[in-house]
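Note that the structure is predicted; figures quoted are calculated from it, not measured.
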Amino acid sequence: MGYSVAEIIKASGKKVYKTQIINDRGIHICKSMLAWEKYGQGETPQSTGLKGDKLVGNYYVKFDQEYKKEIAQLVAKGKDIEDAKKTAPILLEAKKMLLKWEAGDEATVTLWKTMNQWVYKGFDESYAALGVNFDTNYYESNTYLLGKEVVAQGLEKGIFYKKEDGSVWIDLTDEGLDEKIVLRADGTAVYMTQDIGTAIQRIKDFPDIRGLVYTVGNEQDYHFKVLFLILKKMGYDWAKNLHHLSYGMVDLPEGKMKSREGTVVDADDLMMEMTTTAGDISQELGKLDGYSDKEKSKLYKTIGLGALKYFILKVDPKKRILFDPRESIDFNGNTGPFIQYTYARIQSILRKANFDTKHDVVTSILHPKEKELIKLLQNYPTVIQNAADNLSPALIANYTYELVKGYNSFYQSVPIFGADNENDKDTRVQISYMVGNVIKSSFLLLGIKVPDRM
RNA sequence: GCCCUCGUAGUUCAACGGAUAGAAUAAAAGUUUCCUAAACUUUAGAUCUAGGUUCGAUUCCUAGCGAGGGUACCA
C-alpha cells in the first residue's frame with residue numbers, strides 16, 4: 001500500500017522518498033529476546049529452517065503466553081488483576097532487559113544484534129518476493145536518543161511536564177485528547193519518544209521534504225494525532241504537512257489479527273498459496289504451449305501476486321478488509337488476473353498485427369464503444385492526480401477495471417482483424433495498443449506486473 | 001465512561017450534495033466455424049431506524065440500534 005501510494009505521488013509529479021521505519025528497539029523486542037533466552041535452547045533460523053522474522057515472532061507469542069500464565073497464577077493467589085499485570089516476574093525481567101539495553105550492556109546488545117539480523121533477513125526475503133523496496137531505512141535504535149533529547153527540550157519549554165515518579169507526560173486535554181506519556185519513570189523511551197526522534201531525523205536528513213505520509217493501520221489513529229500535535233507544539237513548521245494514511249486493518253472472520261497472539265495470516269504463506277492457485281488454473285486452461293517451466297512459474301507468480309495485491313488495493317484504504325483464508329481470493333470478476341488477462345489478449349493482437357505504433361491513423365466514423373474507450377483513456381492523467389491527492393490506490397484500480405471492462409466489451413462486439421477496411425483495423429489496433437499501455441502503467445502504480453501471455 | 005471509524009443486493013465492494021444507486025460474486029438463461037471463453041450478453045436482487053437541513057441526501061446534522069478500533073510506563 002505504501003509502495004503504491006509512493007508510486008502514485010511520483011507519477012503526479014512530486015519527488016518521493018520511500019522510507020521504512022523499523023522499530024528495532026523497545027520493550028517488545030526485549031520480550032522476544034527474553035523468551036528466546038529462556039525457552040529457545042539456542043534455536044536459530046538455520047537450525048529450525050524457519051525464516052528469521054518468523055522465528056523471532058514465535059518468541060514474541062511465547063512471551064505473551066507465559067506472561068498470561070503468570071498473571072493467572074498471581075490472580076489465583078489472590079492478587080488484583082491490574083496489579084498482577086504489572087508485577088508478573090517475566091514482565092519485570094523484560095523491563096530490566098530494556099534498561100540494560102539502553103545502558104549498552106554488552107551481552108544484551110550482542111543478542112539484540114543477532115536476533116535483529118535474523119529479522120532483517122526475513123524481511124528482505126519477503127520484500128523481494130513482494131516486489132517492494134525502500135529508498136531509506138530508519139532504525140529507531142538510532143533515533144530514540146534524539147527523541148529523548150527533544151523531550152528534554154520540551155520539558156524545559158514547558159510543553160511536557162514531569163510527574164512525581166519521574167515519568168514525563170504531555171497534557172492534551174485542551175485539544176480534547178487525554179494525557180500521554182512520552183518517557184517512562186525509569187527514563188527509557190516509549191513508542192512516542194522514538195517517533196518524535198525519527199520524524200525530526202528524517203527532516204534533518206532530507207531538507208527538501210515538505211511533508212511526511214505515514215502509512216500505518218487505523219488502530220494507531222490516536223497515536224499519530226498526538227504525535228503530530230506534539231511536533232506542532234514543538235514549533236516545527238513542517239509539522240503542518242504530516243499525514244497519517246490510515247488504512248483499515250485486515251480482519252479475519254474470527255476477528256482482528258494479532259501478532260502478539262499469533263493469530264495472523266502469514267504473508268509468505270499467502271503469496272505461495274496464490275501462486276499455486278494461479279498455476280492450477282493456468283494448467284487447467286492449458287494455453288501456455290511453448291513456455292518453459294521457468295517462464296511458467298514466473299507467470300504464476302505474477303498472476304498470484306497480482307490477485308493478492310489487487311484484492312487489497314482495490315478497496316478504499318480507510319475501509320477494513322475482511323479476509324477469509326478458507327475462501328481463496330477470486331481470479332474472476334473485478335480482480336487482478338482479469339485485468340492481466342485483458343492485457344495479455346491485447347499483446348496477442350499486437351504481435352499478430354505487426355503494427356507500427358508511430359504511424360498516424362486516419363479515423364473515419366468511430367464505433368460507440370471506441371468513443372467510450374478513447375474518452376476513458378483521456379481521463380487517465382486526471383485519475384492519477386486524483387489518486388495522488390487522496391492517497392488512494394483504489395481510484396487507480398477502479399479506473400483500470402472500468403477501462404478493461406470497456407475494452408472487453410469492445411473486443412467482443414467489434415472485429416479487429418476482420419474490420420471492413422484498413423483504416424478501421426488500424427484504428428482498432430491503435431486503441432488496443434493505447435489501452436494496453438494504460439493498463440501496464442496503472443498496474444505499475446499498484447506494484448503489479450502484467451504478462452504478455454496467460 | 002470518554003474518543004474515533006463504519007453500517008448499501010445473500011456476500012465482497014462503488015457512487016468529490018445531483019438524473020433511473022453502479023460492479024463483482026453466488027442464482028437463472030444464453031454466446032465459441034472469428035483476433036486467448038481467466039471473456040462477453042441478458043434476467044432477478046440493496047442505501048440500519050427515526051427525525052432534521054436542502055430544489056435535491058447513500059453522502060451533511062441530531063438521536064437510536066448494530067459492528068469494530070482506541071483510550072497501556074505494549075508497539
Side-chain angles (χ1 to χ4, degrees), chain A residues 23 25-31 60 63-64 67 82 85-86 91 94-95 98 140 163 165-169 176-195 216-223 225-226 246 248-249 251 255-256 259-260 278 281-282 284-288 303 307 311 314-316 318-324 327 329-342 344-353 386 389-390 394-395 397-398 401-402 404-405 407-419 425 428-429 432 453-454:
Chain A
N23 198 341
R25 66 156 301 281
I27 191 87
H28 61 300
I29 302 282
C30 290
K31 287 176 178 176
Y60 190 51
F63 175 93
D64 197 58
Y67 177 47
E82 285 308 312
K85 276 185 189 170
K86 282 179 194 154
L91 180 69
K95 282 186 165 181
L98 180 60
E140 301 215 324
K163 285 195 179 174
D165 61 3
S167 57
V168 180
W169 297 72
L177 304 173
D178 293 320
E179 296 178 327
K180 187 87 187 171
I181 188 160
V182 291
L183 206 63
R184 288 195 187 93
D186 62 10
T188 55
V190 291
Y191 186 38
M192 190 61 76
T193 327
Q194 328 180 147
D195 263 355
V216 185
N218 62 9
E219 54 186 5
Q220 298 199 33
D221 285 356
Y222 186 73
H223 171 80
K225 223 190 240 177
V226 173
S246 155
M249 309 299 286
D251 277 329
K256 204 186 156 190
S259 55
R260 204 179 310 169
I281 296 174
S282 190
E284 213 172 288
L285 296 172
K287 295 184 192 172
L288 295 173
I303 298 170
F311 176 78
K314 79 172 173 189
V315 311
D316 185 317
K318 286 189 274 300
K319 279 226 169 153
R320 301 186 73 87
I321 294 177
L322 183 77
F323 174 62
D324 189 341
E327 289 174 36
I329 292 170
D330 268 327
F331 284 72
N332 298 323
N334 186 357
T335 66
F338 169 80
I339 292 167
Q340 288 172 322
Y341 173 69
T342 302
R345 282 213 298 205
I346 289 173
Q347 297 320 299
S348 171
I349 287 173
L350 295 179
R351 280 193 295 270
K352 285 179 183 157
N386 212 338
D389 293 344
N390 290 297
L395 296 178
N398 289 342
Y401 177 64
E402 216 163 292
V404 163
K405 255 193 101 61
Y407 183 81
N408 278 341
S409 181
F410 156 80
Y411 179 92
Q412 196 69 26
S413 52
V414 183
I416 296 173
F417 294 131
K425 184 189 140 193
R428 288 166 194 175
V429 174
S432 303
R453 286 177 60 183
M454 72 183 270

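Atoms CD1 (A:Ile281) and C1' (B:rA37) sit 14 Å apart, rounded to a whole Å. Following rounding to the nearest Å, A:Leu91 (CG) and B:rA72 (P) show an atom-to-atom distance of 16 Å. Spacing between atom CD1 of A:Ile416 and atom C1' of B:rC40 amounts to 14 Å, rounded to whole angstrom units. Atom CG of A:Asp186 is separated from atom C1' of B:rC74 by 14 Å (rounded to the nearest Å). Following rounding to the nearest Å, A:Leu177 (CG) and B:rG1 (P) show an atom-to-atom distance of 20 Å. As rounded to whole Å, 11 Å separates atom P of B:rA37 from atom CG of A:Leu285. If you take CG of A:Asn408 and C1' of B:rC40, they are 8 Å apart, rounded to a whole angstrom. For the pair A:Lys225 NZ and B:rU5 C1', the computed distance is 10 Å after rounding to whole Å.
With sequence neighbours excluded, no residue satisfies salt bridge (charged side-chain N to carboxylate O under 4.0 Å, His left out) with A:Lys405. Residues satisfying the ring pair (Phe, Tyr, Trp, His ring centres under 6.0 Å) test with A:His223, not counting sequence neighbours, are A:Tyr191. The salt bridge (charged side-chain N to carboxylate O under 4.0 Å, His left out) check on A:Glu402 picks up nothing, with sequence neighbours excluded. With sequence neighbours excluded, the residues satisfying salt bridge (charged side-chain N to carboxylate O under 4.0 Å, His left out) with A:Asp64 are A:Lys68. Applying the side-chain contact (heavy atoms from CB on, under 4.5 Å) criterion to A:Leu395, with sequence neighbours excluded, gives A:Asn386, A:Ala387, A:Asn390, A:Ser392. Applying the ring pair (Phe, Tyr, Trp, His ring centres under 6.0 Å) rule to A:Phe410 yields the partners A:Tyr407; only residues at least two apart in sequence or on another chain are considered. Residues passing the ring pair (Phe, Tyr, Trp, His ring centres under 6.0 Å) test with A:Tyr67 are A:Phe63, sequence neighbours excluded.
A distance of about 15 Å separates the P atoms of B:rU59 and B:rA21, rounded to the whole Å. Nucleotides B:rG66 and B:rA14 have their C1' atoms positioned 23 Å apart, rounded to a whole Å. Comparing the P positions of B:rG18 and B:rA27 gives a spacing of 35 Å, expressed to the nearest Å. Rounded to a whole angstrom, the distance from the P atom of B:rC48 to that of B:rU43 is 26 Å. On the P atoms, B:rA44 is 39 Å away from B:rU5, given to the nearest whole Å. B:rU33 and B:rA29 have their C1' atoms separated by 23 Å, with the value rounded to a whole Å. Comparing the same atom, C1', in B:rC34 and in B:rC40 gives a spacing of 14 Å after rounding to whole Å. The separation of B:rA46 from B:rA23, taken at their P atoms, amounts to 15 Å, rounded to a whole angstrom.
As judged by a 4.0 angstrom heavy-atom cut-off over every strand, A:Ser432 is placed among residues making no nucleic acid contact. Using a 4.0 Å heavy-atom cutoff across all strands shown, A:Ile349 reaches sugar-phosphate atoms only and no base atom. Among the protein residues, A:Val414 comes within range of the nucleic acid bases, having at least one heavy atom under 4.0 Å from a base atom. Residue contacts shown for A:Ile303 include a base, since a base heavy atom lies under 4.0 Å away. Looking at heavy-atom distances under 4.0 Å, A:Tyr191 makes contact with a base. A:Lys95 comes within contact range of the sugar-phosphate backbone alone, with a heavy-atom separation under 4.0 Å but no base atom that close.
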Tabulated below should be each protein N or O lying under 3.5 Å from an N or O of nucleotides 69-71 of chain B; please produce it.
unit_1: B:rG70; atom_1: OP1; unit_2: A:Lys256; atom_2: NZ; d: 3.1
unit_1: B:rU71; atom_1: O2'; unit_2: A:Asp178; atom_2: OD2; d: 2.9

Please write out the pairs of protein N or O atoms and N or O atoms of nucleotides 24-31 of chain B separated by less than 3.5 Å, giving the distance to one decimal.
unit_1: B:rA24; atom_1: OP1; unit_2: A:Lys405; atom_2: NZ; d: 2.9

Using a cutoff of under 3.5 Å, can you pull out all pairs of nitrogen or oxygen atoms linking the protein to nucleotides 14-20 of chain B, with atom names and distances?
unit_1: B:rA14; atom_1: OP1; unit_2: A:Asp316; atom_2: N; d: 2.8
unit_1: B:rA14; atom_1: OP2; unit_2: A:Lys319; atom_2: NZ; d: 2.9

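Of all heavy-atom pairs between A:Ile416 and A:Lys425, the closest is O-CG, 3.4 Å. For the pair A:Met192 and A:Val226, the tightest heavy-atom approach, listed with the atom from each and the gap, is CE-CG1, 3.6 Å. Contact detail for A:Ala394 and A:Lys314: the closest heavy-atom pair is CB-O, 3.5 Å. Listed here is the closest heavy atom pair of A:Ile346 and A:Ser432: CG2-O, 3.2 Å. When all heavy atoms of A:Asp221 and A:Ser246 are compared, the pair lying nearest together is OD1-OG, 2.8 Å.
With RNA chain B read from its 5' end, the first of the two nearest nucleotides for A:Asp221 and A:Gly418 is the one closest to A:Asp221.
Taking only side-chain nitrogens and oxygens, A:Ser409 never comes nearer than 4.0 Å to OP1 or OP2 of B:rC40. The side chain of A:Arg184 places an N or O atom within less than 4.0 Å of a non-bridging phosphate oxygen (OP1 or OP2) of B:rC74.
A donor-acceptor pair is defined here as one N or O able to donate and one able to accept, closer than 3.5 Å; such a pair exists between the side chain of A:Thr342 and the backbone of A:Phe338.
Within a 6.0 Å sphere centred on NZ of A:Lys163, other residues, nucleotides and ligands contribute more than 12 heavy atoms.
Helical stems of RNA chain B (runs of at least 3 Watson-Crick or G-U pairs, donor-acceptor distances under 3.5 Å) are listed by first residue: B:1-7 with B:65-71, B:10-13 with B:22-25, B:27-31 with B:39-43, B:48-52 with B:60-64.
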Donor-acceptor list for residues 176-186 of chain A side chains, cut-off 3.5 Å, not counting sequence neighbours:
unit_1: A:Glu179; atom_1: OE2; unit_2: A:Tyr161; atom_2: OH; d: 2.6
unit_1: A:Arg184; atom_1: NH1; unit_2: A:Thr188; atom_2: OG1; d: 3.1
unit_1: A:Arg184; atom_1: NH1; unit_2: A:Ala189; atom_2: O; d: 3.1
unit_1: A:Asp186; atom_1: OD1; unit_2: A:Thr188; atom_2: N; d: 3.0
unit_1: A:Asp186; atom_1: OD1; unit_2: A:Thr188; atom_2: OG1; d: 2.7

For A:Asp330 and A:Thr335, run side chain to side chain donor-acceptor pair (under 3.5 Å): C-alpha distance rounded to whole Å, both residues' side-chain angles, the deciding distance at 0.1 Å, then the answer. CA-CA 7 Å; A:Asp330 268 327; A:Thr335 66; over 6 Å; no
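Picking from B:rA39, B:rC74, B:rU36 the nucleotide with the shortest atom distance to the side chain of A:His28 gives B:rC74.
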